[in-house]
Amino acid sequence: MFVLDYLWIIPALPLAGAAMLGLAGRHWPARRVNAVGVGSVALAFAAALELVREFSRLPAAQVPWLKTYFTWITAGSFRADFALQVDQLTIVMLLVVTGVGLLIHIYSTGYMAHEGGYPRFFACMNLFMFFMLLLVMAANFVLLFVGWEGVGLCSYLLIGFYFLRKSAADAGKKAFIVNRIGDFGFMLALLLIFRTFGSLDFAPVFSGAAGKPQATLTAIALLLLVGAIGKSAQLPLYVWLPDAMEGPTPVSALIHAATMVAAGVYMVARAHALYELAPAAMAAVAVVGAVTAFYSATIGLVQTDIKKVLAYSTISQLGYMFLGCGVGAFAAGIFHLMTHAFFKALLFLAAGSVIHAMGGEQDMRRMGGLRKRIPWTYWTMLMGTLAIAGAPGFSGFFSKDAILLAAADKSVVLYVIALLGAMLTSFYMFRLLFLTFHGEPRFDEHAVHVHESPKNMVIPLAVLAVLSVVGGWAAAPEFWGSSNRFEHFLAPALSSPSRAFLAINPGPSLTAAVNTFREMTQQILWEMAGIAIAAAAIGFLVAWWFYIRRPQTPERVAESFHAPYKLLLNKYYVDELYDFLLVRPTTWISTHILWQVVDDGAIDGSVNGIAHVARRFGDRLRHTQSGNTRSYAAWVLVGAALFTILLLWKVR
Amino acid sequence: MTLELILFFLFAAVAVAGAVNLILQRHPIHSALSLIVVMGALAALYLLLGAEFIAAVQIIVYAGAIMVLFVLVIMLLNAGEEERTNLSRMARYVGLPLGFFLLFELAYVMARAAGTQAAAPGVAPASTRQLATMLFREFMLPFELTSILILIAILGALVLARRES
Amino acid sequence: MQGPLLLTVIIFLPLAGALALLILRPEDRVWIRRLALTTALAELGLSLLLLRGFLPGVAAYQFEEYRSWIATPPIHYHLGVDGISLFLVLLTTFLTPLAVLASWQSITSRVREFFLMLLVLETGMIGVFLALDLFLFFVFWEVMLVPMYFLIGIWGHERRIYAALKFVLYTMAGSVLMLVGILWLYNLTGTFDLPVMQAMLQTSQVLLNTRTEMLLFGAFFLAFAIKVPLFPLHTWLPDAHVEAPTAGSVVLAGVLLKMGTYGMLRFCLPLFPEASHRLAPYIAVLAIIGIIYGALVAMVQPDLKKLVAYSSVSHLGFVVLGIFAFNATSIQGALYQMLSHGVSTGALFLAVGMLYDRRHTHLIREFGGLATPMPVFSALFLFVCLSSLGLPMLNGFVGEFLILLGTFQQHARWAVWAATGVILSAVYLLWAYQRVIYGDVTSENNRALPDATRRERVILFTAAAVILWMGIASPVFTRRMEASAQNVLKQMQRSTAYEARDSRGAAPRAIQPAIPSAGER
Amino acid sequence: MVPLPYYLVLSAILFGLGAIGFVFKRNVITIFMAIELMLNAVNLAFVTFSRMHGQLQGQVFVFFVIVVAAAEAAVGLAIIIVIARSRQSLNVERVDLLKL
Amino acid sequence: MVPPMDDLYRLAPELVFCGFGMLVMLLEPFVSAARKKWLSVPALAGAVLGLAATALPAAHPGAAYYGLLRIDTFSIFLHLIVGAVAVLVVLSSADYLEREKLPPGEFYALVLFATAGMGIMASAQELMTGFVGLEISSIASYVLAGYRRDSPRSNEAAMKYFLLGSFATAFFLYGIAMAYGATGTTNLESLRTAVAQGHAGGLLTLGLGLMLVGLAFKVATAPFQVWTPDVYEGAPAPVTALLASGPKAAAFALLMRILFVGFTASSGAWFWVVWISAALTMFAGNLAALVQTNVKRMLAYSSIAHAGYILVAIAAVGTMPDDAQSVAGIAAVLFYLATYVLMKFGAFTMVSQLGGPGERRLEINDYAGLSQEQPWAAACLSLYLLSLLGLPVTAGFLGKFYVFKAAVNSNLLWLVILMAANSVVAAYYYLRVIVVMYMREPQQEWTPQPVPRGVALVLLLTAAGTLYLGLFPGKVMQLAIQSALSLR
């Protein structure tokens with residue numbers, strides 16, 4: 001029971017790594033940096049595995065396993081402890097975070113080997129691991145918020161890793177600020193939760209939710225959703241994520257694909273007890289997810305930067321996760337989170353490998369024909385593409401299918417949107433693959449020395465590829481003959497008292513409905529799986545047609561649909577819109593109204609004005625002092641008249 | 001109308017006329033002479049009021065000594081006609097009206113207030129002896145102080161007016 | 001050393017140090033600096049004794065000293081410390097050595113006078129926090145102006161004179177009215193002693209009618225609001241900050257501004273609860289405007305120091321909001337925010353000062369790409385920025401969060417508006433940070449700037465350590481504040497007579513002194 | 001028998017004329033004379049009141065006033081002489097170095 | 001005819017002042033030109049002994065000379081002030097006179113005589129006696145103001161002071177005459193009862209008004225302040241110091257006796273006069289001081305403003321002259337006078353010292369960089385200025401504090417607010433001088449004048465006094481309260 005008793009050790013390991021690297025790493029040799037940076041994560045992963053072992057022996061009554069260490073904030077009736085907890089959801093997240101994190105760290109030792117600021121990179125990565133672990137292990141909302149903001153910070157630092165590039169620094173800032181907008185909602189949610197429940201600890205909040213007014217719960221859930229939207233880059237706060245690709249590719253893989261951006265999904269799942277009591281909020285989650293999934297997929301269609309495509313893809317996939325949660329299939333959402341972590345990390349790392357091979361080139365228009373040159377990269381990336389496109393049997397297929405099924409159960413519209421999104425996903429992913437690896441090389445062979453990546457990069461790719469392929473079987477649904485162990489495993493964490501309440505008193509109609517559904521399922525489920533596969537296939541075929549069979553087609557299409565193409569290419573002009581509607585007016589008003597008119601003009605002006613008037617008066621008075629004795633005598637008479645009149649008048 | 005009254009009005013008229021003349025004359029020497037006239041008229045009025053000693057002092061000290069000093073200085077400085085500059089608007093537009101206002105205000109209050117106060121006519125005119133007694137007993141302190149005052153005046157005049165060495 | 005004289009020693013030690021400086025010749029700069037630093041550090045040590053001896057959970061004043069000073073009117077040398085003032089004293093003693101260190105090299109003219117003023121200033125500041133007699137309080141409150149005035153006026157930058165005058169005149173405008181208020185209170189209660197006065201008012205031995213209470217509240221509040229500074233009385237602040245030398249800005253932002261909020265907490269709330277309650281909505285609106293307005297204006301400042309100055313307007317808006325939410329949580333949050341703002345903003349000014357020492361400008365556009373020549377500095381500067389923008393686990397978060405939390409319990413709408421400040425603070429700080437630190441080195445002048453020196457590292461690491469400590473171990477502070485914060489709320493309760501009078505609506509005119517001032521007989 | 005208020009009114013008129021003279025005249029010496037006129041008016045008032053109350057005090061006061069007038073005259077004329085020497089003018093309006 | 005011995009004791013300070021004044025005069029012709037400066041020794045002795053002689057009347061309180069004088073703590077308090085001023089003037093002027101080549105003998109004599117006059121004003125219980133005292137100090141002041149005969153400015157100051165002073169004197173006298181006419185007495189005690197009986201009517205009121213005109217002129221309150229800046233600027237600096245302190249204090253003493261003893265019963269009438277005059281005076285002084293460039297002139301305006309503050313306290317007494325509470329107000333005035341004299345004298349002496357030969361450096365801008373050239377002088381002047389400004393730890397603060405307190409006590413809310421506003425305005429111009437001294441670089445070469453010992457002593461005394469009264473006002477305030485009590 002070692003790790004369970006010393007839960008803090010898991011986040012503390014990377015923190016220690018970060019501290020060592022940050023304070024002293026500047027003068028260390030690369031090997032020592034590697035040892036500390038990767039080692040700390042490896043140890044954390046090991047601890048997480050040990051935790052799983054120990055956790056599996058824990059009696060159900062002791063779940064969630066809670067450890068309180070010290071009081072962090074206390075004031076008045078408020079009290080927030082530094083408390084960690086472990087339940088099934090945490091376990092899943094822990095494994096994903098430490099596991100994928102470890103692989104990416106290893107990969108980074110190769111990818112970043114020649115970059116300046118190497119120790120800084122690992123310090124930030126380790127720090128990120130710390131905050132991410134804190135986020136998933138937190139036992140109350142405040143600590144969750146700490147991790148939440150902390151990962152945002154690390155994201156900021158790592159996006160701006162190449163701080164010499166203005167675009168990188170801008171992107172980092174943008175990420176942090178847009179996240180802050182989300183956090184604003186999150187913060188308000190915390191305030192409202194505390195006001196409603198008198199506590200911010202998970203246990204009392206979730207168990208006490210049932211009795212609270214629905215409006216309040218809806219408000220809380222929606223505010224939390226705002227936070228989640230910011231962190232998970234959903235509409236309308238997704239704009240930071242594509243820009244975040246300015247960061248080094250391993251960062252994109254770890255933070256902006258596998259872990260941090262999924263925190264929003266995690267949080268919604270964590271707070272499912274609240275969401276389930278707030279149907280409107282659930283619907284909002286679903287709609288946001290579905291729309292984002294489709295919307296960003298459309299942008300992904302035309303992007304030429306390999307990482308940008310993956311970024312929009314990430315947004316889109318996160319949309320699926322939200323959709324899953326929103327339609328009540330929290331387990332499916334988390335499942336997709338996990339598989340997505342595998343294959344998207346893989347895709348990013350592979351893309352990184354491509355970029356590495358191309359000497360930093362990211363534009364797919366200047367690639368092509370790399371299949372033979374970098375086979376490892378190609379094959380692993382193919383696995384990832386198949387997984388994300390939903391090729392049957394691959395991990396993405398299962399998780400996406402679970403979400404689609406759940407969505408279909410709730411709303412045909414959402415289902416259709418999601419399905420279209422899946423088709424687009426398939427298209428743009430194969431487009432990426434074809435443009436990059438197939439066809440003729442479109443780069444200057446002499447300038448670019450294409451080479452396969454070193455082993456420490458390839459091995460993580462391979463591992464992730466394996467996971468992308470087989471990872472789905474953990475949760476393969478029952479009609480595939482599997483037992484969906486994943487969902488069963490998560491069930492205790494994602495079942496809430498409220499749902500238990502429902503389960504105990506199932507109305508007759510509900511039971512009947514469930515039963516009819518059971519009978520119908522087998523048939524329908526297969527049919528729907530078929531539809532999904534067909535959608536993926538269409539996407540693949542179109543991509544094949546466009547980029548292998550008739551490579552000139554895309555241009556023609558682009559020309560005949562010029563306006564929509566431009567719209568997509570420019571990402572619906574959303575950045576420009578935000579700039580025009582928010583950024584510019586704010587800076588303009590701040591500069592020209594608030595600062596210059598209100599501050600300098602009105603306030604300072606009136607203060608200085610008073611001073612000016614005083615001086616003017618003084619000057620007047622001074623001029624009564626003409627130096628002429630006769631005038632002075634006149635003043636004496638004025639005074640005499642004043643005094644006598646006053647006195648006589650008062651006496652009367 | 002008693003003789004007394006006639007005399008009063010006569011000397012009062014002379015006094016006022018002298019005062020007005022003092023103001024209107026442009027040459028200081030004329031003004032000085034007018035002032036002497038006023039003082040003389042006042043001395044006469046003091047006599048009417050039964051203050052003989054004061055009347056004498058008025059003539060001797062005031063008209064005699066002080067005014068002579070004035071005339072002397074006027075001569076010494078060879079003061080010519082007054083230059084009627086009008087640099088002070090304050091004096092012209094505020095000072096003069098207020099001067100008249102003050103004149104009327106004082107006169108009004110004097111006339112009214114004194115009217116309420118029953119005059120005590122017929123009290124025996126003060127004898128100079130009584131005056132002396134009072135001066136040297138009850139008012140000995142201020143009397144002695146006036147000597148200091150004179151001393152200061154001498155000292156001051158000396159310091160200020162002596163020729164540069 | 002926990003004898004009855006501890007507070008006196010704490011107050012006057014810096015003054016003694018200042019006088020000792022006069023013994024040294026003006027040329028002995030090294031020794032002058034050393035003596036000043038020694039004094040400041042000794043003072044810090046003494047104040048830590050205070051922390052050690054302080055009993056948490058006690059609402060009453062501790063380490064009290066009570067001596068007669070002036071017979072008529074009865075004025076006492078009455079000192080005491082409670083959970084409200086304890087940490088403000090510590091903040092002062094903590095920031096002063098840093099300010100001394102920050103001035104080590106950058107002050108080259110009239111060194112002796114500079115440190116003299118700084119130490120005198122420390123005496124004044126600590127006196128303000130410890131005085132329990134209104135007269136004594138006022139004395140310290142005003143005396144402190146002089147050294148600050150000289151610090152800005154002599155060692156400041158181009159428009160230093162304008163700024164110094166503006167600072168003093170603004171402050172005096174408020175404090176004169178406060179003096180009138182103090183005298184009026186004396187007139188009503190016959191004492192200048194805060195606890196006695198408080199007790200008399202609380203037990204309704206002296207009744208204030210509503211109008212009187214409002215006027216008195218106004219007289220005190222205006223002085224404090226100017227000091228805070230609350231929108232729209234803030235325009236002295238940017239000027240004073242921009243023109244002040246680094247040490248001056250540090251102390252100004254770190255401690256002086258807190259005097260305003262301290263005063264509100266110490267005087268306005270307990271003495272005039274009804275007026276506080278009535279005016280709280282308006283004050284809160286001003287505070288919220290300040291939060292947003294300060295942040296927006298900070299965002300567009302071309303001058304780093306001015307940016308930090310406006311950020312203070314924004315941050316102090318939170319404090320005022322927390323105080324006038326009348327909630328134990330928010331008040332503790334406000335207190336905490338006072339401390340953390342002192343440390344963070346102090347550190348920000350220290351960092352900006354280091355840049356100034358190198359380039360003699362505060363203009364953001366003159367910098368850019370400093371991360372390349374000055375990596376260590378950049379990292380620490382970032383740390384400080386993050387603390388200022390309220391990153392959890394650093395100090396700024398705790399205060400802001402508690403304020404919002406407490407305020408939300410009473411007035412959800414206020415908290416919602418105030419919370420937007422959280423977004424904006426990230427905007428202006430990170431934007432400024434980016435323009436200064438990131439990117440290519442834009443100016444040749446900056447290419448060879450030396451990184452933080454050892455002295456500067458000591459300063460920044462110390463600040464960073466405290467920032468982190470305050471972010472993690474907040475109960476160390478809040479436990480000691482708790483009782484006093486609760487006590488403020490308790491003091492705001494009036495006895496039943498008071499409320500009964502309220503319900504009648506009419507109040508006895510209590511302007512004529514209920515108790516004739518005894519001392520004048 | 002002359003009613004005493006007559007004297008008082010005369011005194012007031014003389015005092016007022018003195019005051020008017022002060023603001024009207026430009027020559028320093030004449031202005032000083034106006035002051036003397038005012039003092040004379042005071043004396044008349046004192047004597048009249050003395051008579052009114054049947055007391056002698058008023059006359060004693062007149063005595064003091066005359067002494068004061070004499071002292072003032074001595075000093076005042078000395079000052080005037082100094083002024084006349086340094087400014088070559090007796091016009092008060094020309095003596096305005098000190099102003100504003 | 002010989003007055004009783006006790007009366008002589010009661011007159012001791014005046015006797016000493018006059019005696020030594022005459023002694024200096026008599027010695028003067030016998031001292032060679034080179035040794036004239038040693039005349040300061042007997043003069044100083046006179047001043048110090050005169051100050052010390054205050055102990056005698058203090059030991060023999062009571063009425064003297066048929067009730068013309070009244071020796072009480074009030075008069076003792078003011079004797080201490082004017083005596084101290086005399087000492088300070090003698091100390092500070094010795095080297096000034098030598099530097100400016102002015103005859104010292106007459107100067108000292110005039111100062112001592114003037115002080116005697118002020119002493120009389122402080123104890124006069126009868127109007128005519130007070131008037132004579134006033135004239136003694138005034139005529140001496142006229143001469144002193146014009147003491148630098150070769151300076152046109154000094155002449156002009158003397159002329160203006162003299163003409164307008166005499167003008168005001170005439171008003172004062174006419175006022176006495178009317179009061180006498182209305183009541184048949186000039187003794188303040190008798191007047192008090194007469195006023196209380198209320199039969200006096202317009203004549204008495206008008207008399208009071210005219211007396212107020214005369215005294216208001218002497219203390220330079222608006223709208224009678226017009227002469228002050230010109231005279232203060234033109235007069236030799238030590239004389240300015242004297243004018244701004246001693247005669248003003250004495251005139252306030254006379255004013256208080258008249259208002260609080262003679263005319264208590266009609267306070268309802270004069271209260272408003274004082275109120276309005278206070279308000280006008282504060283603004284006239286402070287606003288005009290804002291735009292001055294000459295230090296001496298600025299200080300002159302500032303002393304006008306201070307007279308306004310004192311009037312606030314007098315107005316405070318006016319709301320309840322018979323109430324025991326009024327004691328606080330009277331005490332406030334007295335305390336304020338003490339502090340005012342200290343700081344104003346110090347400031348003017350410093351200005352005189354810095355002015356250098358011929359008083360050439362009087363512009364504020366001449367002080368640029370003074371703190372570097374003469375740090376102690378700058379520090380000292382700053383102390384006076386801060387005290388005038390009313391900053392705590394200095395005497396000026398407590399003076400203002402007590403005035404505020406009295407005014408608040410009397411519920412004079414508006415006057416208090418006006419005074420508060422004025423304090424802020426005043427801060428501006430005082431601080432401006434400090435700005436120039438400390439925050440500007442020196443503009444021209446200047447060789448610091450060596451500080452003569454006498455001046456140094458004056459500066460030391462006034463600075464120490466300013467700090468002492470600022471920190472420990474207790475004893476002086478106690479005395480002020482006793483004085484106030486003794487007045488009734």
Side-chain angles (χ1 to χ4, degrees), chain D residues 4 8 11-12 15 18-19 22-23 28 31-32 34-55 57-58 60-65 67-69 71-87 92 94-100, chain E residues 126-129 131-132 134-136 138-140 142-143 145-146 149-167 169-187 203 210 227 229-235 288 291-294 297:
Chain D
L4 294 180
L8 294 177
S11 144
F15 190 85
F22 193 111
V23 289
V28 196
I31 289 175
F32 189 23
I35 292 171
E36 292 294 336
L37 179 63
M38 290 166 84
L39 292 181
N40 272 291
V42 172
N43 285 349
L44 180 59
F46 267 129
V47 174
T48 315
F49 284 130
S50 165
R51 169 81 191 228
M52 193 189 271
H53 293 297
Q55 293 174 341
Q57 276 183 28
V60 176
F61 296 159
V62 172
F63 182 77
F64 291 140
V65 173
V67 177
V68 166
E72 276 189 358
V75 169
L77 289 170
I79 291 172
I80 288 170
I81 289 172
V82 176
I83 280 282
R85 278 184 190 152
S86 69
R87 303 292 166 95
V92 277
R94 301 266 178 235
V95 186
D96 61 348
L97 268 180
L98 298 165
K99 61 181 165 191
L100 299 177
Chain E
E126 193 264 349
L127 292 173
M128 245 3 234
T129 316
F131 169 72
V132 174
L134 179 68
E135 275 304 298
I136 291 177
S138 297
I139 292 182
Y142 303 154
V143 179
R149 290 187 311 148
D150 50 343
S151 153
R153 287 171 181 268
S154 182
N155 300 339
E156 181 175 335
M159 184 202 82
K160 284 180 172 166
Y161 194 19
F162 162 71
L163 283 181
L164 294 164
S166 311
F167 194 42
T169 303
F171 280 93
F172 186 63
L173 263 181
Y174 211 61
I176 294 178
M178 285 180 147
Y180 171 66
T183 61
T185 177
T186 52
N187 188 293
L203 193 58
L210 294 183
W227 60 275
D230 290 7
V231 174
Y232 283 16
E233 188 192 340
V291 290
Q292 296 304 320
T293 56
N294 180 305
R297 209 166 165 82

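The structure displayed is predicted, hence computed values, not measured ones. Quick note on labels: first sequence line is chain A, next is B, and so on, each numbered from 1.
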Quick check on D/Ala34 against chain E: is it the side chain, the backbone, both or neither that has a heavy atom closer than 4.5 Å? neither

Pairwise side-chain contact, D/Ile83 with E/Phe162, heavy-atom cut-off 4.5 Å (strictly under): no

When rounded to the nearest 0.5 Å, the distance separating CZ of D/Phe49 from OG1 of E/Thr186 is 13.0 Å

Segment of E/Ala157 engaging chain D (4.5 angstrom heavy-atom cut-off): both

E/Pro229 portion near chain D, given a 4.5 angstrom heavy-atom threshold: neither

Using a 4.5 angstrom heavy-atom cutoff, name the option from D/Ser50, D/Ala78, D/Gly18 with the most pairs to chain E. D/Ser50

If you count heavy-atom pairs under 4.5 Å with chain E, which of D/Ile35, D/Val67, D/Val95, D/Val60 comes out on top? D/Val95

Using 0.5 Å steps for rounding, measure from the CD1 atom of D/Ile80 to the CG atom of E/Leu163. 6.5 Å

Quick one: does any side-chain atom of E/Glu135 pair with a main-chain N or O of D/Val68 as donor and acceptor, under 3.5 Å? no

Smallest separation among heavy atoms of E/Ala170 and D/Val42, with atom names: O-CG2, 4.0 Å

Proximal component of E/Phe131, with respect to chain D [non-hydrogen, under 4.5 Å]: side chain

With a 4.5 Å limit on heavy-atom distance, are the side chains of E/Leu127 and D/Phe61 in contact? no

Relative to chain E, which segment of D/Ala12 carries a heavy atom at a distance below 4.5 Å: side chain, backbone, both, or neither? both

If I measure from the heavy atoms of chain D, does E/Thr169 come under 4.5 Å with its side chain, its backbone, both, or neither? side chain

How long is the span from the CG atom in E/Leu173 to the CE atom in D/Met38, to the nearest 0.5 Å? 10.0 Å

Looking at every non-hydrogen atom in both residues, tell me the closest pair between D/Leu8 and E/Tyr174 and how far apart they are. O-OH, 4.2 Å

State, to 0.1 Å, how close E/Gly181 and D/Met52 come at their nearest heavy-atom pair, and which atoms those are. O-SD, 4.5 Å

Using a cut-off of under 4.5 Å for heavy-atom pairs, which of D/Val65, D/Asp96, D/Asn43, D/Thr48 has the most such pairs with chain E? D/Asp96

Sequence neighbours excluded, the answer for ring-ring contact (aromatic ring centres under 6.0 Å, His included) partners of D/Phe64 is none

Rounded to the nearest 0.5 Å, how far does CZ of D/Arg85 lie from CG of E/Asp150? 12.5 Å

From D/Leu97 CG over to E/Glu233 CD, what is the distance, rounded to the nearest 0.5 angstrom? 9.0 Å

Side chain, backbone, both or neither: which part of E/Met128 has an atom under 4.5 Å from a heavy atom of chain D? side chain

What is the ring orientation for E/Tyr180 with D/His53, classed by angle as parallel under 30°, tilted 30 to 60°, or perpendicular over 60°? perpendicular

Could you have a look at E/Asn294, E/Val231, E/Asp230 and say which one has the most heavy-atom pairs with chain D under 4.5 angstrom? E/Asp230

